[in-house]
Number of protein chains: 2
Amino acid sequence: MVVHGARGRSGRRPTLEEVAARAGVGRGTVSRVINGSPRVSDATRAAVEAAVAELGYVPNTAARALAANRTDAIALVVPEPETRFFAEPYFSDMLRGVGAALSDTEMQLLLIFAGSDRERRRLAQYLAAHRVDGVLLVSVHADDPLPDLLSQLEIPAVISGRRSADETLPSVDSDNYGGGRAAVEHLLDRGCRTIAHIAGRLDVFGAQRRVDGYRDALRDAGREVDEELILTGDFTEAGGRRAMTELLARRPALDAVFAGSDVMAAGARQVLREAGRRTPDDVALVGYDDSAIARHMDPPLTSVRQPIEDMGRAMLDLLLDEIADRRPAVSRGLDKRQLVLPATLVERDSS
Amino acid sequence: MVVHGARGRSGRRPTLEEVAARAGVGRGTVSRVINGSPRVSDATRAAVEAAVAELGYVPNTAARALAANRTDAIALVVPEPETRFFAEPYFSDMLRGVGAALSDTEMQLLLIFAGSDRERRRLAQYLAAHRVDGVLLVSVHADDPLPDLLSQLEIPAVISGRRSADETLPSVDSDNYGGGRAAVEHLLDRGCRTIAHIAGRLDVFGAQRRVDGYRDALRDAGREVDEELILTGDFTEAGGRRAMTELLARRPALDAVFAGSDVMAAGARQVLREAGRRTPDDVALVGYDDSAIARHMDPPLTSVRQPIEDMGRAMLDLLLDEIADRRPAVSRGLDKRQLVLPATLVERDSS
DNA sequence: ATCACCTGTGGGAGCGCTCCCACGGTACCT
DNA sequence: AGGTACCGTGGGAGCGCTCCCACAGGTGAT
């Protein structure tokens, strides 16, 4: 929290040139020291470092950006309105992961919302101006034009989740298929016989995969898949209520529900309570996301946890790789540019 | 969402010079058009704009920053850990206000957390590098060194709330004194006779002012101020519980509580319920902040509302003024650099 | 001794803009 | 007619870096 050097009121900031003069070396040498090049003798390095400290030298980022054609900044782009950003723990967890990984770096993180059309235009302008070296894209829908824009501008990008099985962009996803399986296998273990599924929006690839996991878990256990037991909500509480109401009408004897998100599970829970069904005794319930909602439900909700913070970290790592690789125009193969992290079941009292 | 111009795969971005050549004018003229200078003939302006569109020209921010010695970016600095940022609606409201006001501008907003020592060092480095033209400082404690650092670096800054009655930095505050008065006057109107106050941390100037408002409202109504009825929490739920417990022990007959924050009110409410006191019948309750908590309490909490979004807007306006004024080294008087916005009581069922 | 080849260093060129001075032209005065 | 004022315009200088080439001096092989 201390400003180094005796600069004080002077106003003007020292330049590389001045540091060089003070250390009795050339401009290039100071630059090498500042950037940690190994091609500097120890004695010279020490002299330069002393001069830097004495003058309180701080590199001018604008000059560096201009000369080196990079900004040392990346953006976390949230194609959602701010309200959702604050409402859903997904984003804050992601931000925390990215932020943590970033603090080992000289990189700067920008948070950009692109919920409205207006914001999206601003973002497009921003990207066209190449004000960031790379972009982290969270929560992308299948038909979002943003990824195309990014590749058109040749800006490195990593997305969270995949848009489809053959995602082209580097991505970090969690194992939605495995998570879906785990939820259903758990319910089967508990002895449940009629397990329904409230799926999320099927234009979200992850939601599809959870359904796949649900189906395969049942099949592998020798059960038949009853398509009447699969309904889609839209990831909202109201959607969960609607689906649950319909399910009770279709199959009054069901004894378990796997919901594709905690929020939908909360909606389902309300309907179940109103219908006089106890949880877990009459109907066991499992959610997805392991959000704060799950912990605060009554009874606390069993839920599938995605390692969101880790995903954030992984995304940043991938992006930094992309940025580094793009410099000498190397185009590596697709090896490990698609990461899938495991999802794990967190057992609570609702099942 | 469309990239203008026929650039496509070319890679290199067009420069001012190229636009000038295409438009058949000089570099200076293009610069004037881009920056909206009035000293350009209409015909020339049209020609330049056409060339800009054809080439898909976007100014290089780094070059501009270097030449003009400004960044066109400001920072919203939150001297708190991220968790608090997401937990308290205060910050998101503030961000929304600032963001809204900013979208009329070419300025870019950066969100910077400075909760840990490490983050603070990073921030200091960041500011020393003058990577922003100005700083919005929210939630500053009385002894925070950040404001001093900012003035030492001669970076324009505006803070939310004041550190003391004679705040030197430009600031935007809400009328905490008036808010406190309004809360107490409301309780007096309701016929309450023994009104307690759970104050926030007294090193926060606003919390002090709320106490002042509490005192004066009672005095002006001809009541005596019973110092035993004033306790401090620390703005937390636990603090609210503690204070309420102590208050019940000291003055079992109290019939109203004015809490300096909704969170503390929530803590107090729990203790009251456990003690078998009904709200509002036995003990009326008023909070402060009008946060989501207030709306979701049972019964919904009467609370004092601060126009946080407006405060955010006002802060940005002040800051932009500061930045503009600093350019020709003008040092205006202190007129209207300290803004105080009104606080209003929102009546609900707890009182 | 000659040559090739390192390592450490200095400094020119250039990144793309803004700032500002200078210039020609027109308009209006005396 | 000459003078003065201003407008619109062109382009040089310079912002503070990075990149890279050149070069001195050392080292080891021939």
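Throughout, a chain's letter reflects where its sequence line sits, starting with A, and its residues are numbered from 1.
Between B/A68 and B/V30, the residue whose closest nucleotide on DNA chain D is further toward the 5' end is B/V30. Between A/R32 and B/A63, the residue anchored closer to the 5' end of DNA chain D is B/A63, taking for each the nucleotide with the nearest heavy atom.
Here B/R131 pairs with nothing under the salt bridge (charged side-chain N to carboxylate O under 4.0 Å, His left out) rule; sequence neighbours left out. Every residue two or more places apart in sequence or in another chain that forms a salt bridge (charged side-chain N to carboxylate O under 4.0 Å, His left out) with B/R313 is listed here: B/D310. When the salt bridge (charged side-chain N to carboxylate O under 4.0 Å, His left out) test is applied to A/E82, no partner is found at least two apart in sequence or on another chain. Shown here are the salt bridge (charged side-chain N to carboxylate O under 4.0 Å, His left out) partners of B/E17, two or more places apart in sequence or in another chain: B/R27. Under the side chain to side chain contact (heavy atoms under 4.5 Å, CB included) criterion, B/R163 pairs with B/V140, B/P147, B/I159, B/E167, B/T168, B/L169, sequence neighbours left out.
Distance check, rounded to the nearest 0.5 Å: CZ of A/F91 to CD of A/E80 gives 4.5 Å. Note that CG of B/L102 is 7.0 Å distant from CG of B/L320, once rounded to the nearest 0.5 Å.
For B/S171 (side chain) and B/Q338 (main-chain N/O), no donor-acceptor pair under 3.5 Å exists by modelled atom type. Although no hydrogens or angles enter the test, the distance criterion places no donor-acceptor pair under 3.5 Å between the side chain of B/S92 and the main chain of A/F86. Judged by distance alone, with hydrogens and angles left aside, the side-chain atoms of A/D133 form no donor-acceptor pair with the main-chain N or O of A/R70 at under 3.5 Å. A donor-acceptor distance shorter than 3.5 angstrom exists from the side chain of B/T71 to the backbone of B/A73, with no hydrogens or angles considered.
Rounded to 10°, the angle separating the first-five-pair axis and the last-five-pair axis of the helix from C/dA1-D/dT30 to C/dT30-D/dA1 equals 50°.
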With a cut-off of 3.5 Å and sequence neighbours excluded, list every side-chain donor-acceptor pair involving residues 40-49 of chain A.
unit_1	atom_1	unit_2	atom_2	d
A/S41	OG	A/T44	N	3.3
A/S41	OG	A/T44	OG1	2.7
A/R45	NH2	A/S37	O	3.1

Hey, can you pull the donor-acceptor pairs under 3.5 Å for the side chains in residues 111-119 of chain A, sequence neighbours left out?
unit_1	atom_1	unit_2	atom_2	d
A/S116	OG	A/E119	N	3.1
A/R118	NH2	B/S103	O	2.9
A/R118	NH2	B/D104	OD1	3.4
A/E119	OE1	A/G115	N	2.9
A/E119	OE1	A/S116	N	3.1

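No salt bridge links A/R13 with A/E18; every basic N to acidic carboxylate O contact stays at or beyond 4.0 Å.
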Exercise for review: Please step through side-chain contact (heavy atoms from CB on, under 4.5 Å) for the pair A/L76 and A/L95, ending with a clear verdict.
Suggested key: CA-CA 8 Å; A/L76 179 69; A/L95 182 62; 3.7 Å; yes

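On the nucleic acid side, DNA chain C contacts chain A at distances under 4.0 Å to non-hydrogen atoms, with the end points of that region at C/dT7 to C/dG16.
Near DNA chain D, meaning a heavy atom under 4.0 Å from it, residues 37-48 of chain B has B/R39, B/V40, B/S41, B/T44 in order of number. The stretch residues 17-27 of chain B touches DNA chain C through B/R27, each having a heavy atom under 4.0 angstrom from the strand.
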Readout for nucleotides 22-28 of chain D: B = base within 4.0 Å of protein heavy atom, S = sugar-phosphate only, - = neither; 5' to 3' it is -------

